[in-house]
Amino acid sequence: MNSKRVDIIVPCYNEEPNIEAFFENVQAVSAKISEDAGFMNSYDFSYIFVDDGSTDGTLEQIKLVAERGVEDLTAVKYISFSRNFGKEAAMFAGIKASASGPEGGTPSDLAIIMDADLQHPPELIIEMLKKMEETGCDTVAARRVTRKGEPRIRSAFARLFYKIMNKYCEIEIADGAVDFRLMNHAMVKAVAAMPETQRFSKGIFAWVGFDTQWVEFQNVKRLSGESKWSVWKLTKYAIDGFIDFADSPLKFVGAFGGVIAAGSAIYLIVEIIKVLIMGKDTPGYASTICLILFFGGMIIAILGLIGEYIGRMYMETKRRPVYIKKDSNIEEDK
Ligand code: UDP
Ligand code: MG
């Protein structure tokens, strides 16, 4: 029997009431796994909590859990940000910590990334590990098969987003895919090595490739508190995801411009010939103004789109860090 170490990476933003319950639930699953005779390997869990600039007692809760971890010989590491950098940044910090291995020691064999609010059922970890043992795959990702309990309009937009994403982007993202995933160390290293500062993990997980298996689960309500995603945040997330992984809008805009230019050249020639043969036409103010407005609008829209890409290049060239650490019980990476 091989013994494998598993890092549980948890992004937390204002999850004070959930941290302890989360830890207990995952620990219970860990105990279940060690009693389960169906496993080929034994698994040792350690935790990397990332406090994403919470304004409540999240960090205190994490520290309490870390103390409890000392008692039952479970490593509980944490990283705390200087402000709220967003879930993407929090996941990245956790993945980087897992990739380099805490305190310069040997990194864990596996990592699981999951939410702190118990919306990602810890029980599913059992299924994920079993699947990895059976298939020898590199990563097992979870997919939500129902969106029960979620506002209908949000589900509708989410579906539309995945449809457009998969049509126009170089990568395929499964509908209902969530950031709940088991990865082997090779994949963790690959994700940690992705250098972009504006991150879209669902896209990155798909982009790095690796042999992926899926497990499914039913939607569950968060244990306590509210979802941190406002309509505005979600819209921004969708646009980020799309722009980061698609260059087809730019290509489309180029082709569209070409067709319009060719069409108007032909139109101009036709008009000149008409004037030469039949003399002056009656002036058409309305149509002219319509055309000017139409193209004015199109140009502004297209400039806006190009601006999005240029804006991103600008942000990337600044090479700003994805997050800033304020507090941590992990020694600086060697
Ligand atoms: N989260 C985070 N930073 C943020 C927003 C969310 O680290 O700025 C964490 C949050 O604590 C939770 C996970 O990301 O563990 C998912 O967030 P939430 O439950 O609000 O999203 P939803 O489940 O509604 O998609
Ligand atoms: Mg949630």
Side-chain angles (χ1 to χ4, degrees), residues 7-23 25-26 47-62 65 77-98 111-122 124-125 141-159 161-162 173-181 197-202 205 217-238 240-241 322-328:
D7 283 334
I8 310 279
I9 301 169
V10 204
C12 310
Y13 177 51
N14 291 350
E15 301 284 5
E16 179 179 355
N18 298 332
I19 301 289
E20 200 182 0
F22 172 86
F23 181 69
N25 271 275
V26 180
Y47 296 77
I48 303 172
F49 284 96
V50 185
D51 164 36
D52 184 11
S54 301
T55 50
D56 63 357
T58 299
L59 184 59
E60 285 68 39
Q61 284 298 317
I62 294 173
V65 162
K77 301 287 169 199
Y78 62 83
I79 299 162
S80 178
F81 289 175
S82 60
R83 65 167 168 88
N84 179 237
F85 280 90
K87 186 185 179 189
E88 287 294 334
M91 290 197 289
F92 183 50
I95 285 174
K96 260 188 23 188
S98 174
I112 294 172
I113 191 150
M114 62 194 291
D115 285 0
D117 57 5
L118 291 174
Q119 274 189 307
H120 295 162
L124 210 64
I125 293 174
R143 189 163 66 200
R144 197 164 46 169
V145 284
T146 50
R147 288 178 167 269
K148 250 198 337 236
E150 189 182 73
R152 212 173 265 162
I153 180 102
R154 183 170 157 181
S155 314
F157 272 114
R159 282 225 180 81
F161 167 67
Y162 287 115
I173 298 178
D175 182 12
V178 294
D179 301 318
F180 182 14
R181 187 182 273 267
T197 50
Q198 292 152 67
R199 305 183 71 85
F200 179 66
S201 288
K202 287 192 176 94
F205 290 146
F217 72 103
Q218 305 277 331
N219 201 25
V220 254
K221 275 223 166 94
R222 67 166 23 248
L223 183 64
S224 164
E226 288 276 298
S227 169
K228 273 89 192 176
W229 295 92
S230 60
V231 176
W232 167 243
K233 252 185 157 179
L234 270 177
T235 313
K236 200 182 153 290
Y237 180 68
D240 279 355
V322 180
Y323 56 85
I324 291 165
K325 255 191 241 181
K326 196 171 82 178
D327 187 7
S328 172

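Atoms within a ligand are numbered from 1 in the order they appear, just like the ligands themselves. When reading the values below, keep in mind they use all heavy atoms of this one structure, side chains included, and skip hydrogens, waters and symmetry mates. All values reported here derive from a predicted model rather than from experimental measurement. Residue numbers count from 1 along this sequence.
- Between Ser201 and the options Glu88, Lys87, Arg181, a side chain to side chain donor-acceptor pair (under 3.5 Å) holds for only Glu88.
- Within 6.0 Å of NZ in Lys326 there are 12 or fewer heavy atoms belonging to other residues, nucleotides or ligands.
- A cation-pi arrangement, defined by a distance under 6.0 Å to the six-membered ring centre and an angle within 45 degrees of its axis, is absent between Arg83 and Phe81.
- Ser80 is linked by a side-chain hydrogen bond (donor to acceptor under 3.5 Å, both in side chains) to Asp51, counting only residues two or more places apart in sequence or in another chain.
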When you check ligand 1 against the protein, what N or O pairs turn up below 3.5 Å? List the atom names and distances, or just say none.
unit_1   : atom_1 : unit_2 : atom_2 : d
ligand 1 : 3 (N)  : Asp52  : OD2    : 2.6
ligand 1 : 3 (N)  : Lys87  : N      : 3.4
ligand 1 : 8 (O)  : Asp52  : OD2    : 3.3
ligand 1 : 8 (O)  : Asn84  : ND2    : 3.1
ligand 1 : 11 (O) : Tyr13  : N      : 2.8
ligand 1 : 11 (O) : Glu15  : OE2    : 2.6
ligand 1 : 15 (O) : Pro11  : O      : 2.8
ligand 1 : 15 (O) : Ala116 : N      : 3.0
ligand 1 : 19 (O) : Asp117 : OD2    : 2.7
ligand 1 : 19 (O) : Arg222 : NH2    : 2.6
ligand 1 : 20 (O) : Arg222 : NH2    : 3.3
ligand 1 : 20 (O) : Lys228 : N      : 2.6
ligand 1 : 21 (O) : Trp229 : NE1    : 3.0
ligand 1 : 23 (O) : Gln119 : OE1    : 2.6
ligand 1 : 24 (O) : Ser227 : OG     : 2.6
ligand 1 : 25 (O) : Arg154 : NH2    : 3.4

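- From Asn25, atom CG reaches atom CG of Leu118 across 5.0 Å, with rounding to the nearest 0.5 Å.
- Taking a cutoff of 4.0 Å between a charged side-chain nitrogen and a carboxylate oxygen, Asp7 and Lys77 do not qualify as a salt bridge.
- Nearest heavy-atom pair, Asn18 versus Ala116, reported as atom, atom and distance to 0.1 Å: CB-O, 3.5 Å.
- Inspection of the environment of the Mg ion (ligand 2) yields the following protein N, O or S atoms under 2.8 Å: Asp117 OD2, Gln119 OE1.
- Of all non-hydrogen atoms in Asp52 and Tyr13, the two that sit nearest each other are O-CD1, 3.2 Å.
- Evaluation of the side-chain hydrogen bond (donor to acceptor under 3.5 Å, both in side chains) rule for Asp56 yields Thr58 as partners, not counting sequence neighbours.
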